[in-house]
Amino acid sequence: MDKREAEETLKQLRSELDDYGYHYYVLDKPKVPDAEYDRLMKQLLEVEEAFPELKTDDSPSVRIGGPVASAFKKVTHAVPMMSLSNAFSADDLRQFDRRVRQAVGDDISYVCELKFDGLAVSLTYENGLLTRGATRGDGTIGEEITGNLRTVSSIPLRLREPVSIEVRGEAYMPKRSFESLNKAKEEAGEEKFANPRNAAAGSLRQLDPKIAAKRNLAMFAYSIGEVDGKALTTHYEGLQFLNEIGFKVSQEAQECASIEDVIAFTETWTEKRHDLPYEIDGIVIKVNNLAQHETLGFTAKSPRWATAYKFPAEEVLTVLREIELNV
Ligand code: NAD
């Protein structure tokens, strides 16, 4: 591909991805499956890597989330809420591991967590009291949705310890709630939600909290933005602390001593993902040691100490199985 072709390709990809992003993040109505969006994004990243002079600040490859809806009060996140880099294969994970080792050496362990398919939210507690809830928004500025988040029963209104802390988690709609919501919508002749993720996002971005209250949402806490007066050395300790102070934390999170253990975890959950009562779209892998997070730092869009392994799209999975079984 020469530079002129690259320019054309980038223009096309950026315009498609911007349009899909708008439908997904703003309207909560995706136009294409996630796997298609991911495929185009991968292509965009590859072309931008081959032609770095064609990178732009407004490319979907550097943007997090979508624009913030004006109907809500805007909040600025004290610590930005980043996106995650993606891995699509065991080899991508091994490459991630090599990059981590190059930066921090071989004394490394990981935490594997399920990647819940919902909406990232930030919860601020002052002396144990919930004072603010917000969406991730564009990573720097989010939408204030405290009233809606207060209706989610797994979100504590007061913590079991009077700590001042900013907690991050994924608000989601369990599969059963999603099915009954869509059934009710169908009976009422209303448009159905495409999937539980969009239903959760659509419910939390309503101006009237009574609607969110009826939607049976839940939240898994998965990280700490900042905390006063609590020294933590590992991410795993952070998860345990979140659980102690009253949050619902996934019991499936696992410490892994090597990248091969991480890969085994991703394989197990690729098989078992449909057994869960909520949707997941991958596995998040995080370096466990928090001092190593500092050393690794961030790119413009995501932390270098974490990555998201995305499950193969179901159609691709079927083809792979057929090849494996030689049918
Ligand atoms: P991402 O979804 O790949 O990863 C970041 C997010 O993962 C976090 O913000 C958080 O919400 C979530 N997460 C879930 N479990 C987590 C855990 N245990 N620990 C940490 N984070 C966890 O990145 P993104 O920027 O939110 O969105 C990009 C993705 O959204 C794409 O890969 C695509 O699949 C989807 N998307 C789809 C369309 C479409 O048209 N279908 C459009 C835009 C985006």
Side-chain angles (χ1 to χ4, degrees), residues 33-35 37-39 41-42 45 64 81-101 108-120 136 168-172 174-175 195-197 200 218-224 234-240 242-243 247-290 292-293 296 299 301-318 320-321:
D34 287 359
Y37 181 89
D38 292 347
R39 191 183 67 78
M41 179 62 87
K42 194 162 176 254
L45 288 166
I64 297 168
M81 294 182 80
M82 311 287 281
S83 181
L84 289 170
S85 64
N86 286 333
F88 297 96
S89 64
D91 272 353
D92 287 354
L93 289 171
R94 291 191 187 102
Q95 215 175 338
F96 166 72
D97 179 55
R98 273 194 294 277
R99 280 198 304 270
V100 168
R101 280 167 196 279
I108 190 93
S109 74
Y110 295 106
V111 177
C112 283
E113 288 168 47
L114 304 183
K115 186 169 184 296
F116 315 105
D117 202 6
L119 181 76
R136 183 181 66 168
R168 275 126 193 235
E170 195 83 351
Y172 67 93
K175 286 179 191 166
N195 53 45
R197 188 249 163 226
M219 189 198 82
F220 278 119
Y222 54 63
S223 75
I224 297 171
T234 66
H235 172 69
Y236 199 74
E237 266 174 41
L239 290 179
Q240 287 171 324
L242 286 173
N243 201 207
F247 289 95
K248 179 176 155 102
V249 171
S250 168
Q251 296 306 302
E252 315 299 348
Q254 188 180 299
E255 287 179 284
C256 289
S258 72
I259 200 69
E260 294 310 314
D261 290 355
V262 167
I263 292 166
F265 187 93
T266 62
E267 285 167 355
T268 303
W269 281 103
T270 303
E271 290 293 323
K272 291 204 310 187
R273 60 186 288 202
H274 295 300
D275 302 345
L276 294 163
Y278 45 83
E279 290 208 336
I280 59 172
D281 64 338
I283 301 297
V284 183
I285 298 104
K286 299 171 186 168
V287 167
N288 198 14
N289 185 314
L290 296 176
Q292 292 175 335
H293 288 200
L296 283 154
T299 68
K301 195 178 170 180
S302 51
R304 290 199 186 85
W305 42 263
T307 196
Y309 171 79
K310 291 285 182 89
F311 293 133
E314 300 291 333
E315 322 82 84
V316 179
L317 204 64
T318 313
L320 287 177
R321 287 231 178 87

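One-based numbering along the sequence shown. Computed from a predicted structure; not experimentally measured. Only heavy atoms go into these numbers, but all of them, side chains included; no hydrogens, no water, no symmetry mates.
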Here the gap from Y172 atom OH to D117 atom CG, rounded to the nearest 0.5 Å, amounts to 12.5 Å
*Does H274 offer a backbone N or O that forms a donor-acceptor pair with the side chain of K175 under 3.5 Å?*
yes
Tightest non-hydrogen contact, residues L239 and A253, listed as CD1-CB, 3.9 Å
| request: Could you tell me whether the side chain of P174 reaches within less than 4.5 Å of the side chain of P277, counting heavy atoms only? | output: no
- Aromatic plane relationship, W269 with F265 - under 30° parallel, 30 to 60° tilted, over 60° perpendicular: tilted
Per side chain to side chain contact (heavy atoms under 4.5 Å, CB included), V100 is matched among L296, T307, I259 by L296
- Apply side chain to side chain contact (heavy atoms under 4.5 Å, CB included) to the pair I283 and Q254, showing each step before the final yes or no. CA-CA 11 Å; I283 301 297; Q254 188 180 299; over 6 Å; no
Rounded to the nearest 0.5 Å, the CH2 atom of W305 sits from the CG atom of L84 at a distance of 8.0 Å
Minimal heavy-atom distance between V262 and C256, with the atoms involved, is CG2-CB, 3.8 Å
Output for pair (S89 OG, R94 CZ), nearest 0.5 Å, gives 8.5 Å
To the nearest 0.5 Å, atom OH of Y222 lies from atom NE2 of H235 at 10.0 Å
Nearest heavy-atom contact between M82 and P303 is CB-CD, 3.9 Å
Within the structure provided, determine whether N86 and K42 are in side-chain contact (heavy-atom separation under 4.5 Å).
no
All heavy atoms of A200 vs all of A171, minimum pair found to be CB-O, 4.2 Å
OG1 of T266 to NZ of K310, rounded to nearest 0.5 Å, is 14.5 Å
Closest non-hydrogen contact found for F116 with E170 is O-OE2, 3.1 Å
- Task: Spell out, as yes or no, whether a donor-acceptor pair under 3.5 Å connects the side chain of N288 to the backbone of Y236.
- Result: yes
Q: Compare all side-chain heavy atoms of T270 with those of Y309 and state whether any distance is below 4.5 angstrom.
A: yes
Could you check if a side-chain atom of K301 sits within less than 4.5 angstrom of a side-chain atom of I64, using non-hydrogen atoms only?
-> yes
request  = Please step through side chain to side chain contact (heavy atoms under 4.5 Å, CB included) for the pair L276 and K272, ending with a clear verdict.
outcome  = CA-CA 8 Å; L276 294 163; K272 291 204 310 187; over 6 Å; no
Between S83 and R136 the two heavy atoms that sit nearest each other are CA-NH1, 3.8 Å
Check: Can you find a side-chain donor-acceptor pair between E279 and N195 that sits under 3.5 Å?
Finding: no
### Task
Would you kindly say whether Y110 and D97 are connected by a side-chain donor-acceptor distance under 3.5 Å?
yes
task: May I ask you to check whether Y278 and F220 place their ring centres under 6.0 Å from each other?
output: yes
NE2 of H293 to OG of S223, rounded to nearest 0.5 Å, is 10.0 Å
